[in-house]
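Comments concern the structure below.
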Amino acid sequence: MARHLITSAIPYINGIKHLGNLVGSQLPADLYARYQRARGHEVLYLCATDEHGTPAELAAAKAGKPVADYCAEMWEVQARIAEGFRLSFDHFGRSSSEQNRKLTQHFAARLDDEGLIRETSETQMYSHADGRFLPDRYIEGTCPNCGFEDARGDQCDNCGKLLDPVDLINPHSTISGSTDLEMRETKHLYLRQSAMKDRLEEWIDTREGWPVLTTSIAKKWLNDGDGLQDRGITRDLDWGVPVMKGDQPWPGMEGKVFYVWFDAPIEYIACSQEWVDAGKGDDWERWWRTDKGADDVRYTQFMGKDNVPFHTLSFPVTILGSNEPWKLVDYIKSFNYLNYDGGQFSTSRGRGVFMDQALEILPADYWRWWLLSHAPESSDSEFTWENFQSSVNKDLADVLGNFASRVTKFCRSKFSEAVPAGGSYGAAEEKLIADLTAKIREYEGHMEAIEVRKAASALRAAWVLGNEYLQEVAPWTTFKTDPDQAAAQIRLALNLIRLYAVISAPFIPDASAQLREAMMSDVTDWPEDVAAALGVMKEGDAFAVPEVTFRKITDAEREDWQERFAGTRT
RNA sequence: GGCGCGGUAGCUCAGUUGGUUAGAGCGAUCGACUCAUAAUCGAUAGGUCGGGAGUUCAAGUCUCCCCCACGCCA
């Protein structure tokens with residue numbers, strides 16, 4: 001039995017994510033976790049909310065709530081939606097946890113001891129009215145280059161010129177509107193990533209079978225321009241992990257917090273401690289400490305391409321640089337972007353389907369199937385309502401759902417709601433078993449390799465085999481001359497439904513459970529031996545005709561949704 | 001402007017280290033079946049593999065140039 005540690009990129013606390021975010025990390029990670037569990041392996045699948053930083057503070061202020069309250073509420077919201085999509089986290093943690101605070105401070109101390117932290121003094125815009133330093137993009141003023149009045153402190157949106165906040169004419173805070181700003185000196189800590197460049201590069205170079213997307217992004221950051229840059233890991237904010245050196249004060253860093261991108265990945269580890277503290281597990285170190293049993297763990301991370309630099313470079317610097325025996329990631333599965341109907345999903349314009357809205361219009365399985373079978377693995381992919389409608393209707397309703405329906409209804413009408421006895425298996429049945437075995441082995445291969453689209457395609461092909469078989473042996477015809485033979489054929493077909501329920505569960509857990517319950521079977525063992533798996537339901541075993549497993553999406557619905565989620569165009 | 005990922009049938013995509021008539025699903029057309037969610041099964045049509053040049057006995061697959069889309073950075 002292998003042990004799989006699986007994490008999906010932790011979503012930012014600010015707001016509800018769209019389907020592109022979902023398919024880029026949590027959903028494929030869930031698929032993989034469910035599959036590995038189904039194969040009998042030990043799995044720890046973790047995810048959490050990423051809660052620190054300015055955007056969270058501003059969102060909380062906008063909602064008129066203390067930031068801690070705001071985060072607690074949004075965590076509830078995200079946790080509920082994740083549940084709605086059947087994301088099977090072993091624990092859904094929070095980067096603002098006590099565990100993460102301590103661990104982040106611990107890593108900072110270790111890195112400092114290893115000489116990987118340097119202190120830098122710099123000047124930054126301070127707003128008296130807001131009582132805080134302002135990140136460049138929260139300062140606006142008139143562009144000195146083109147005269148555009150709403151230029152941001154980092155770049156002018158009109159002429160594209162890169163700016164420094166001090167260059168702006170009449171600068172003001174976008175938070176309060178105040179013009180009472182001044183440049184102040186402030187100190188920050190930098191993580192000396194540059195010192196680890198060679199070590200990182202060697203590590204990346206020796207990874208085998210990683211997605212091209214993952215390695216190419218990592219290599220680009222390693223060698224672009226002047227090479228890997230040091231990264232500031234502190235901020236002048238209130239909301240975050242206070243800068244401490246372990247449990248000791250860090251002179252000169254009073255009132256500062258660690259930058260969100262330093263503490264967020266550490267939450268992967270802290271989350272396992274939360275998991276233990278929540279009473280769900282009893283030993284987190286055997287997953288994370290190679291000196292305490294984590295040597296045989298295979299650790300896989302899932303993320304969208306925008307997160308790749310942090311997972312291939314920054315976090316490994318933290319892990320390797322600590323010089324402690326922490327488990328390093330074994331495989332990084334990255335995804336491209338999912339576009340929406342000819343453009344990008346847009347949170348600000350309300351363009352595209354968001355996770356909560358998706359669940360309001362259709363059950364999770366419909367979305368899971370489409371998203372996973374169209375996962376943006378090799379390049380950006382696109383969601384269109386036409387494609388969604390045809391995939392769902394054809395794959396789920398016609399090929400799988402209707403199969404269960406035609407078999408169970410035929411049996412009920414010609415025999416009874418129990419597995420019929422009589423007849424025997426011949427060449428057609430042997431061929432089906434051979435074909436199905438080959439197809440399931442192919443499916444397993446794709447799942448092991450985390451080739452999501454190919455796995456979906458193999459699974460669908462397995463469903464098709466059932467329809468082909470029925471068409472060939474035609475029990476409705478056989479029944480007229482040889483009812484016993486028809487019984488044998490239907491007995492096999494009923495078993496197929498149960499088998500499909502088991503192998504489809506990673507993709508469509510609810511429908512799989514429904515089908516399996518209709519077959520009145522609680523056997524979920526993976527079909528290592530397909531012939532044996534097709535004999536689980538015995539002669540005389542009762543079953544029920546399932547409710548419509550997947551309904552079809554009508555043209556009217558499609559048009560309605562298309563209109564509804566188009567957003568406000570500019 | 002630099003870099004990155006792509007550009008393969010109407011649509012969504014596969015195509016291993018270059019090697020016989022370039023594949024799948026959907027859609028289309030025709031046929032079979034009639035148990036079933038007007039479902040299923042089979043067959044057929046459809047591509048000068050973005051464009052051009054080159055290397056090679058042989059290139060979707062390697063090299064160079066160009067065009068297009070997306071993204072990142074400056």
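Letters go in sequence order (proteins before strands), and every chain restarts at 1. Because only heavy atoms are used, hydrogens play no part in the values below, and waters and symmetry mates are left out as well, while side chains stay in.
- Annotation: A/Phe403 is in aromatic contact with A/Tyr500 [ring centroid separation under 6.0 Å].
- Look at the C1' atom in both B/U55 and B/U16: the space between them is 22 Å, to the nearest Å.
- Spacing of P atoms, B/A39 relative to B/G47, comes out at 29 Å, to the nearest Å.
- Aromatic ring centroids of A/Tyr340 and A/Phe383 lie under 6.0 Å apart.
- B/C13 and B/C57 have their P atoms separated by 38 Å, with the value rounded to a whole Å.
- A/Lys552 has no side-chain polar atom (N or O) that falls below the 4.0 Å cut-off from OP1 or OP2 of B/A38.
- Using the Watson-Crick or G-U wobble rule with both distances under 3.5 Å, B/A24 pairs with B/U12.
- Nucleic acid contact for A/Val407: none, since no nucleic acid atom lies under 4.0 Å from a heavy atom of the residue.
- Using a 4.0 Å heavy-atom criterion, one finds that A/Phe550 contacts the bases of the nucleic acid, with or without backbone contacts as well.
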What protein N or O atoms touch nucleotides 28-34 of chain B N or O atoms at under 3.5 angstrom, if any, and at what distances?
residue : atom : partner  : partner atom : Å
B/C33   : O2'  : A/Trp476 : NE1          : 3.3

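- Across B/U56 and B/G2, the matching C1' atoms stand 33 Å from one another, rounded to whole Å.
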Take A/Lys333 and A/Glu377, measure what salt bridge (Lys or Arg N to Asp or Glu O under 4.0 Å) needs, and give me the verdict at the end.
-> CA-CA 9 Å; A/Lys333 177 72 179 181; A/Glu377 289 178 300; 3.0 Å; yes
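- Heavy-atom nearest nucleotides on RNA chain B were determined for A/Leu465 and for A/Arg551, and the one closer to the 5' end corresponds to A/Arg551.
- If you take atom P in B/G52 and the same atom in B/G60, they sit 12 Å apart, rounded to whole Å.
- When the shell of 6.0 Å around CD of A/Glu547 is examined, it contains 12 or fewer heavy atoms from other residues, nucleotides or ligands.
- Using a 4.0 Å cut-off on heavy atoms, the residues of residues 438-457 of chain A that approach RNA chain B are A/Arg453, A/Lys454, listed by number.
- Within the nucleic acid shown, A/Ser381 comes within 4.0 Å of sugar-phosphate atoms alone, with no base atom in reach, counting heavy atoms only.
- Here, B/A74 and B/G15 have their P atoms 33 Å apart, quoted to the whole Å.
- A gap of 11 Å separates the C1' atoms of B/A59 and B/C49, to the nearest Å.
- Ring to ring, A/Tyr268 and A/His311 are close: their centroids are under 6.0 angstrom apart.
- Residue contacts shown for A/Asn402 include a base, since a base heavy atom lies under 4.0 Å away.
- A distance of 6.0 Å or more separates the ring centres of A/Trp370 and A/Trp385.
- Looking at residues 390-401 of chain A, you'll see A/Ser390, A/Lys394, A/Ala397, A/Asp398, A/Gly401 sit with a heavy atom under 4.0 Å from some atom of RNA chain B.
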